[in-house]
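Sequential numbering from 1 along the given sequence is applied to the chain's residues. Whatever order the structure lists them in is the order used to number ligands and atoms, beginning at 1. Below, each value reflects all heavy atoms present in this structure, side chains not excepted, and no hydrogens, waters or symmetry copies.
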Amino acid sequence: MNAVLLQYFLLLISFLHHASSNSVPVFNAIYSFGASYEDTGNLAILSPTSNPMKLPYGETFFDSPTGRASDGRLVIDRIASYLGLSFIPPSLAQGQDFSKGANFAVYGTTTLNISFFQKNKIRINILKNTTLSVQLEWFENQKPSICKCNTTCMKFFTKSLFMLGKFGVNDYLSMLFAGKTIDFINSTIPLVVKTIRSAAERLLRQGVMHLVVAGIIPTGCSPVILTYFASTNRSDYDSLGCLQVYNNIGMYHNDLLSDAVKQLRVEFPRAKISFVQYYEPIIDFLRNPRQYGFTSGTELLACCGKGEPYNFNLSTGCGQIGVPACQNPSTFINWDGLHLTDTSYKIIADGWWKGPYADPPISGFLIGSGLNSVKRMI
Ligand SMILES: *[C@@H]1O[C@H](CO)[C@@H](O)[C@H](O)[C@H]1NC(C)=O
Ligand SMILES: *[C@@H]1O[C@H](CO)[C@@H](O)[C@H](O)[C@H]1NC(C)=O
Ligand SMILES: *[C@@H]1O[C@H](CO)[C@@H](O)[C@H](O)[C@H]1NC(C)=O
Ligand SMILES: *[C@@H]1O[C@H](CO)[C@@H](O)[C@H](O)[C@H]1NC(C)=O
Ligand SMILES: *[C@@H]1O[C@H](CO)[C@@H](O)[C@H](O)[C@H]1NC(C)=O
Ligand SMILES: *[C@@H]1O[C@H](CO)[C@@H](O)[C@H](O)[C@H]1NC(C)=O
């Protein structure tokens, strides 16, 4: 090989190396908003004696409770690890470095403001004022300590992944337990979705370039609804054993939210916005439990809990003394009546990362045009 050719090869290799590291913009941080499906420790700080701070919460992965509403990791924990990041610290933790991310999610929080529930005489079971707009305020207050808000700072956040979690379930559950009708709840869905959309716009206007927006679960398949809103009319249940009317709420919410995301893409054409699902994967698990390693026959039951027939009762909830968990949580979809097991969350995270439960898959955010054009050049 002559010297010129060698030089050429070395140049090409260094160019390829440069191109590939440029075209895979490794995210510097994750900033997350949400409720119990996303909370990695804020509840634990606000209420150290709450159930998710007791075993068997955390038994599968962390060996001790962390405040996560599961036996192990949540979706955000998996996504962080796929991006090469550590666990994202809860935003209320003292003395933390939030330059690699912060998680503003709080267990139990609603989307709508507390004033909405007061006005409609609906008791909400939340600890503190931690609703969606409050979480956004926390982020905006924290921004200057993450980086000075000049153009360099804006650049920092363009390389961060922002996640708007599963907002809406606590709003609808609070209304149901307060005795509101399905028609009333249905009439609030456009407002809930509009509130999530406004939150997304508020972030995108601040320069956010990578945003994930999550839909809600089929609540009609969850032990909490199946136990407390059971029907004697068999035709209220679908072929999977779920209560249809509550799933219709979820479908309507998800349809409106998916439309809102499409509009956001038009409004912010340079941003990448992914709509991700909890609804479809849970239905897939229930349709073919064994395909995912779940035991058939117990797919609608909570792993941790006590009560007939769904292994659930609010007075003997997971985390209370004498309330057992199933032998092998990885064979259960549902963990405690409302939240999912480590295994369920992993399959969902994989589906958000590379499809099919995301539009587009989050891993697609990483693919730049640089490497592809280099390959074509060769
Ligand atoms: C909720 O409160 C925030 C201010 O805290 C306000 O900007 C927003 O409009 C309110 N949203 C609703 C739906 O009332
Ligand atoms: C919740 O917090 C927001 C902003 O921090 C505030 O505007 C609102 O009045 C609070 N609501 C209640 C009921 O405390
Ligand atoms: C902008 O913010 C960065 C990151 O905090 C800081 O290093 C830099 O000095 C700031 N520049 C100006 C002009 O304030
Ligand atoms: C909710 O309202 C929408 C729009 O009016 C309607 O299409 C849908 O059937 C309603 N869903 C339920 C469960 O009542
Ligand atoms: C059972 O529910 C179906 C539809 O959900 C309804 O048409 C039927 O009248 C109900 N039957 C009784 C006995 O309430
Ligand atoms: C929950 O358990 C209590 C105490 O055993 C019982 O009285 C109640 O009926 C149960 N509730 C449901 C919905 O099963």
Side-chain angles (χ1 to χ4, degrees), residues 50-52 54 56 108 110-112 116 120 122-123 125 166-198 215-263 275 277-280 282-283 286 298-326 332 334-339:
S50 57
N51 282 346
K54 294 172 190 151
T110 58
T111 315
L112 299 176
F116 169 88
N120 288 286
I122 298 165
R123 202 177 70 87
N125 199 13
K166 178 192 65 55
F167 278 99
V169 169
N170 294 326
D171 302 72
Y172 307 137
L173 284 183
S174 307
M175 296 178 204
L176 276 173
F177 277 101
K180 295 290 177 188
T181 64
I182 292 293
D183 283 346
F184 175 87
I185 295 169
N186 201 35
S187 74
T188 68
I189 295 174
L191 177 63
V192 171
V193 170
K194 193 174 138 225
T195 307
I196 299 170
R197 179 189 166 153
S198 303
I216 64 172
I217 56 169
T219 46
C221 304
S222 62
V224 57
I225 291 289
L226 289 167
T227 302
Y228 284 90
F229 297 90
S231 171
T232 51
N233 187 343
R234 289 221 34 97
S235 49
D236 288 341
Y237 294 86
D238 66 14
S239 60
L240 298 173
C242 305
L243 280 160
Q244 297 183 68
V245 72
Y246 307 98
N247 281 359
N248 292 342
I249 295 279
M251 273 193 275
Y252 183 39
H253 172 105
N254 289 342
D255 284 349
L256 290 186
L257 189 57
S258 154
D259 286 347
V261 166
K262 288 190 187 109
Q263 289 156 13
F275 182 62
Q277 287 283 6
Y278 283 111
Y279 195 105
E280 268 79 11
I282 293 174
I283 295 294
L286 292 170
T298 54
E299 63 268 30
L300 286 170
L301 274 60
C303 162
C304 180
K306 213 168 157 183
E308 292 296 326
Y310 297 100
N311 208 25
F312 185 78
N313 187 314
L314 285 170
S315 65
T316 47
C318 185
Q320 285 171 240
I321 292 165
V323 175
C326 61
F332 275 69
N334 194 286
W335 167 245
D336 64 359
L338 186 59
H339 310 103

For this session: Looking only at distances, please establish whether an N/O atom of ligand 4 is found under 3.5 Å from an N/O atom of N186.
Result: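 By distance alone, the answer is yes.
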For this session: Run the ring-centre check on Y172 versus F184 and record whether the distance is less than 6.0 Å.
Result: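 No; F184 has its ring centre 6.0 Å or more from that of Y172.
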Look up atom [atom1] in [X] and atom [atom2] in [Y], then write down how far apart they are to the nearest 0.5 Å.
{"X": "L191", "Y": "I196", "atom1": "CG", "atom2": "CD1", "answer": "10.0 Å"}
{"X": "N311", "Y": "D336", "atom1": "CG", "atom2": "CG", "answer": "11.0 Å"}
{"X": "I216", "Y": "N254", "atom1": "CD1", "atom2": "CG", "answer": "5.5 Å"}
{"X": "T110", "Y": "D171", "atom1": "OG1", "atom2": "CG", "answer": "5.0 Å"}

Problem set entry | Contacting atoms of ligand 6, where contact means under 4.0 angstrom from a heavy atom of T227 |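 Counting atoms of ligand 6 from 1, those under 4.0 Å from T227 are 13 (C).
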Exercise. Under 4.0 Å from any heavy atom of Y228, which atoms of ligand 6 are there?
Worked result: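 The list of qualifying atoms is 13 (C).
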For this session: Give a yes/no verdict on whether any heavy atom in G307 is under 4.0 Å from an atom of ligand 6.
Result: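 The answer is no: ligand 6 sits nowhere under 4.0 Å from a heavy atom of G307.
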Exercise. Got a sec, which pairs hit side chain to side chain donor-acceptor pair (under 3.5 Å) with one end in residues 241-252, sequence neighbours left out?
Worked result: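 Non-adjacent pairs meeting side chain to side chain donor-acceptor pair (under 3.5 Å): zero.
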Exercise. Going by the salt bridge (Lys or Arg N to Asp or Glu O under 4.0 Å) test, which pairs reach into residues 181-198, not counting sequence neighbours?
Worked result: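 As it turns out, the salt bridge (Lys or Arg N to Asp or Glu O under 4.0 Å) pairs with a partner in residues 181-198, which skip direct neighbours, are R197-E201, R197-E267.
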For this session: Identify, by atom number and element, the atoms of ligand 4 in contact range of N248, meaning under 4.0 Å from any of its heavy atoms.
Result: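 With N248 as reference, the close atoms of ligand 4 come out as 13 (C).
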Exercise. Do the non-hydrogen side-chain atoms of L240 and C221 ever get within less than 4.5 Å of each other?
Worked result: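 Of all side-chain heavy-atom pairs linking C221 with L240, none is under 4.5 Å.
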Exercise. List by chain and number: which residues place a heavy atom under 4.0 Å from ligand 5?
Worked result: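 Protein residues near ligand 5 are N233, S235, D236.
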Could you tabulate the donor-acceptor pairs under 3.5 Å formed by side-chain atoms of residues 314-324, not counting sequence neighbours?
{"unit_1": "S315", "atom_1": "OG", "unit_2": "N313", "atom_2": "OD1", "d": "2.9"}
{"unit_1": "T316", "atom_1": "OG1", "unit_2": "K306", "atom_2": "O", "d": "2.7"}
{"unit_1": "Q320", "atom_1": "OE1", "unit_2": "G317", "atom_2": "N", "d": "3.1"}
{"unit_1": "Q320", "atom_1": "NE2", "unit_2": "S315", "atom_2": "O", "d": "3.0"}

Exercise. Looking only at distance, does N313 have an N or O less than 3.5 Å from an N or O of ligand 6?
Worked result: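 So ligand 6 has an N or O lying under 3.5 Å from an N or O of N313.
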